[in-house]
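What follows is a single structure, written as structure tokens, with notes after it.
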Amino acid sequence: MSEGAAKKEEKPRKFQAIRGTRDLLPPETALWNRVEQAVHEVFATFGFGEIRLPILDPTELFARSIGVDTDVVSKEMFTFWDPFDQRLPPKYQIEEARARGINIQNEGELATIGLALSFQQLTLRPEATASVCRAYIERNMQQLPQPVKLYTIGPMFRRERPQKGRYRQFYQIDAEVLGGSDAPGIDAELIEMVMTFLERLGLEGVQLHINSIGDKNCRPKYVELLREELRKVKDKLGPDSQRRVETNPLRVLDSKVEGEQEIIEKLPRISQHLCDACRENYDEVKRQLALRGIVYSQNFRLVRGLDYYVRTTFEITAKGLGSQNAVCGGGRYDGLIELLGGPPTRATGFAIGEDRLILSLQEQAKSKEVASGEWRVASEKPRVEVYVAWMGEKAYATAIRAAKNLRAAGFSVELPPVEQKFGKALGQADKLGARYALILGDNEVESGEWTLKTLATGEQGKFAEAQLLEFLGKKRSGE
RNA sequence: GUGGGAGUAGCUCAGCUGGUAGAGCGUCGGACUGUGGCUCCGAAUGUCGCGGGUUCAAUCCCCGUCUCCCACCCCA
């Protein structure tokens with residue numbers, strides 16, 4: 001109260017989403033839902049079931065499956081120790097340690113055990129395949145009729161520098177076919193499924209690129225050959241590629257450096273060095289794609305970056321994405337499940353970058369809007385269908401009942417929580433883009449005849465309570 | 001991790017060779033106590049991203065830092 005007491009209150013810190021993460025808001029989320037709805041519908045028609053996975057898994061799982069030398073594992077994972085809680089009284093710390101199988105005699109030993117109690121290192125998953133494989137093994141899915149077809153949708157985390165179509169928390173739509181044979185028909189059908197899905201969404205300008213990168217019989221030989229060839233021209237390569245000659249020669253094929261293109265064109269191609277089994281397999285995949293009427297282009301430079309891929313790999317690019325233009329990547333990974341301690345199991349799968357897919361859809365919508373002025377990505381029904389404008393206590397009771405019944409019938413209803421003059425109420429209704437205003441005042445309560453106004457035309461009519469639902473229902477289905 | 005660009009109101013942006021900020025849109029209120037869109041009037045919201053330096057004086061100049069955007073690397 002005393003003047004001058006106006007102390008400078010420090011404003012609380014303004015928080016912001018951490019780098020590379022973002023909030024998705026309406027109306028954009030409606031588009032996300034539409035995309036995900038299409039996933040559920042289309043994938044189900046191919047016999048896939050949804051699996052929901054933890055976002056955390058042991059670091060070791062990713063290191064083993066993706067490969068410790070990959071960028072993803074070596075520098076992009078969000079990893080931390082699951083801490084043993086040292087705030088606990090020593091008595092409980094000892095108990096906890098024993099529960100974890102660490103034999104500990106007295107308090108004095110606690111300190112020396114130290115990090116050993118921090119039992120495992122956890123990682124925010126950078127991709128889904130490893131976790132799906134872990135689940136396949138852990139839940140003994142080899143006992144199920146093979147192959148097991150699973151898909152999952154959710155956030156992944158990689159600590160990269162954000163740019164267009166790349167976030168540190170990003171979303172993938174992931175599908176895997178585990179077990180059974182390595183019949184090319186499986187790869188082809190998997191690709192068919194993505195293409196069907198993208199078509200369902202109306203995404204235009206998608207391109208499918210395929211390649212075979214051999215298996216453990218022929219790939220190492222090819223890699224050596226490639227390395228030898230690259231060494232001969234090493235001085236003509238940029239620093240990145242020079243490094244890759246030794247670390248991962250396949251990656252050189254992927255280079256975008258202008259001056260290297262000519263050299264790359266002349267390098268030996270893996271298609272010429274596949275073993276018989278891989279070549280036959282690849283030929284058959286292509287034949288199977290053709291059988292399904294799927295257009296593809298072969299791209300000998302398509303080398304997936306994750307260690308586990310063998311044989312067929314593929315990538316789908318889309319428009320409007322900047323330089324990160326792949327919306328989907330996938331391939332076969334026959335050795336992975338065994339590597340993770342499971343039975344020898346054939347497997348293949350893909351991941352769609354949902355953020356990029358959405359981005360591409362939005363860009364497409366933008367250009368269409370410019371062209372025709374009509375096309376909308378999220379052509380959802382309006383957020384508010386009926387705005388209930390009421391005045392007076394008695395009318396409020398009626399309004400509540402009306403809102404309840406309309407909602408039960410599936411209409412989206414906005415019921416203002418405080419009394420408003422009708423002018424203001426209609427203004428609100430208008431701003432919210434409501435289709436109808438239901439006007440309830442003294443007159444309506446007395447007569448039992450409610451007033452319904454169609455905002456777009458200004459027409460309005462009187463309805464008894466029962467007639468109203470009927471009228472609105474007809475209107476809705478008639479449109 | 002490297003390079004380039006950018007940060008001023010909720011949004012889009014102006015702000016001259018340094019003199020502590022404006023517009024449009026949006027939001028809220030009123031003109032308008034039973035009828036919206038149009039119009040008019042009014043209001044709120046900024047530590048000019050943050051920290052330091054130069055200066056009598058910094059949104060403006062310098063350095064650092066953070067974030068965003070784009071690209072490289074790599075990947076979806």
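Below, chains carry the letters A, B, ... as their sequence lines are ordered, and counting in each starts from 1.
For B:G34, the OP1/OP2 oxygens have no side-chain nitrogen or oxygen of A:K424 closer than 4.0 Å. Proximity of A:R19 to the phosphate of B:C68: a side-chain N or O atom is located under 4.0 Å from OP1 or OP2.
One can place CG of A:L237 at 14 Å from P of B:C73, the figure rounded to the nearest angstrom. Taking atom CD1 of residue A:I18 and atom C1' of nucleotide B:G49, one finds them 18 Å apart after rounding to whole Å. The distance between atom CD of A:E459 and atom C1' of B:U35, rounded to the nearest whole Å, is 15 Å. Per the geometry, CD1 belonging to A:I153 stands 18 Å off P belonging to B:A76, to the nearest Å. Between A:Q163 atom CD and B:U67 atom C1' the separation is 16 Å, expressed in whole Å. Separating the CZ atom of A:R125 from the C1' atom of B:A76 is a distance of 13 Å, rounded to the nearest angstrom. We find that CG of A:D23 is positioned 12 Å from P of B:C68, with the value rounded to whole Å. Between the C1' atom of B:C74 and the CD atom of A:E160 lies a distance of 6 Å, rounded to the nearest Å.
In this structure, of B:C28, B:A76, B:G34, it is B:A76 that holds the atom nearest to the side chain of A:Y309.
For B:C68, the paired nucleotide is B:G5, the pair qualifying as Watson-Crick or G-U wobble because both relevant distances are below 3.5 Å. In this structure, B:G46 forms no base pair with any nucleotide, since neither Watson-Crick nor G-U wobble geometry is met with both distances under 3.5 Å. Figure legend. B:G18 is base-paired to no nucleotide; pairs are counted as Watson-Crick or G-U wobble with both atom distances under 3.5 Å. Nucleotide B:U54 forms a pair with no other nucleotide shown, judged by Watson-Crick or G-U wobble geometry with both contacts under 3.5 Å. Base pairing of B:A23: its partner is B:U12, meeting the Watson-Crick or G-U wobble criterion (both donor-acceptor distances under 3.5 Å). Base pairing of B:G37 is not made with any nucleotide, judged by Watson-Crick or G-U wobble geometry with both donor-acceptor distances under 3.5 Å.
The C1' atoms of B:U59 and B:U20 are separated by 9 Å, rounded to the nearest whole Å. The gap from the P atom of B:G7 to that of B:C16 amounts to 13 Å, rounded to the nearest Å. For the C1' atoms, the distance from B:C28 to B:G10 is 13 Å, rounded to whole Å. Taking the C1' atoms as reference points, B:A58 lies 15 Å from B:C50, given to the whole Å. As rounded to the nearest Å, B:G3 and B:C74 have C1' atoms that lie 16 Å from one another. Rounded to the nearest Å, the gap between the C1' atom of B:U39 and that of B:G49 is 39 Å. Remark: the separation of the C1' atoms in B:U55 and B:C63 is 16 Å, to the nearest Å. Nucleotides B:A14 and B:G51, compared at atom C1', are 27 Å apart to the nearest Å.
Heavy atoms of other residues, nucleotides or ligands lying less than 6.0 angstrom from CG of A:L25 number more than 12.
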Give me the distances for all protein-to-nucleotides 37-44 of chain B N/O pairs that come in under 3.5 Å?
| residue | atom | partner | partner atom | Å |
| --- | --- | --- | --- | --- |
| B:G37 | O4' | A:D430 | OD2 | 3.0 |

Quick test: give all pairs of protein nitrogen or oxygen and nucleotides 2-4 of chain B nitrogen or oxygen below 3.5 Å, distance rounded to 0.1 Å.
| residue | atom | partner | partner atom | Å |
| --- | --- | --- | --- | --- |
| B:U2 | O4 | A:R161 | NH1 | 2.5 |

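Rounded to the nearest 0.5 angstrom, A:T123 OG1 and A:M77 CE are separated by 4.0 Å. The distance from atom CD of A:E189 to atom CD of A:Q288, rounded to the nearest 0.5 Å, is 9.5 Å. The CG atom of A:L208 sits 12.0 Å away from the CD atom of A:E192 when rounded to the nearest 0.5 Å. Taking CD of A:Q121 as the reference point, atom CD of A:E60 lies at 9.0 Å (rounded to 0.5 Å). Rounded to the nearest 0.5 angstrom, A:I358 CD1 and A:L24 CG are separated by 8.0 Å.
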Step by step, work out the side-chain hydrogen bond (donor to acceptor under 3.5 Å, both in side chains) result for A:T451 and A:Q460.
CA-CA 7 Å; A:T451 305; A:Q460 62 183 51; 5.2 Å; no

Could you check A:Y387 against A:E385 for side-chain hydrogen bond (donor to acceptor under 3.5 Å, both in side chains), going step by step and ending with a plain yes or no?
CA-CA 7 Å; A:Y387 191 97; A:E385 291 174 287; over 6 Å; no

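If you check every strand for non-hydrogen atoms under 4.0 Å, A:E419 touches nothing. Among the heavy atoms of the strands lying under 4.0 Å from A:R244 are primed sugar atoms or P, OP1, OP2 only; no base atom is included. Using a 4.0 Å heavy-atom distance criterion, A:G20 is classed as a sugar-phosphate-only contact. A:Q460 comes within 4.0 angstrom of a base, heavy atoms only. Contact annotation for A:D254: no contact, since no heavy-atom pair falls under 4.0 Å across all strands. Within the nucleic acid shown, A:I439 comes within 4.0 Å of at least one base atom, counting heavy atoms only. Within 4.0 Å of A:M391, counting heavy atoms only, lie sugar-phosphate atoms of the nucleic acid but no base atom. Within 4.0 Å of A:A429, counting heavy atoms only, lies no atom of the nucleic acid at all.
Salt-bridge check for A:R311 with A:D187: failed, with every basic side-chain N at 4.0 Å or more from each acidic carboxylate O. A salt bridge links A:R301 to A:E265: one of the charged nitrogens lies within less than 4.0 Å of a carboxylate oxygen. Salt bridge present: A:R22 and A:D355 bring a charged side-chain N and a carboxylate O closer than 4.0 Å. Checked for salt-bridge contact, A:D57 and A:R134 meet the test: a charged N lies under 4.0 Å from a carboxylate O.
With hydrogens and angles left out, the side chain of A:Q420 and the base of B:G34 share no donor-acceptor pair within 3.5 Å.
Remark: A:K286 is positioned above the aromatic ring of A:Y282, its terminal NZ or CZ atom under 6.0 angstrom from the ring centre and at most 45 degrees off the axis.
Checked against A:V252 for a side chain to side chain contact (heavy atoms under 4.5 Å, CB included), the options A:V233, A:L226, A:L230 give a single hit: A:L230.
A heavy-atom distance below 4.0 Å to RNA chain B is reached by these residues of residues 317-329 of chain A, ordered by number: A:G322, A:S323, A:Q324, A:A326, A:V327, A:C328, A:G329.
Between A:F463 and A:F471, the distance from one ring center to the other falls under 6.0 angstrom.
Closest-nucleotide positions on RNA chain B for A:D355 and A:S255 were compared, and the one nearer the 5' end corresponds to A:S255. Comparing A:P162 and A:I316 along RNA chain B, the residue whose closest nucleotide (by nearest heavy atom) sits nearer the 5' end is A:P162.
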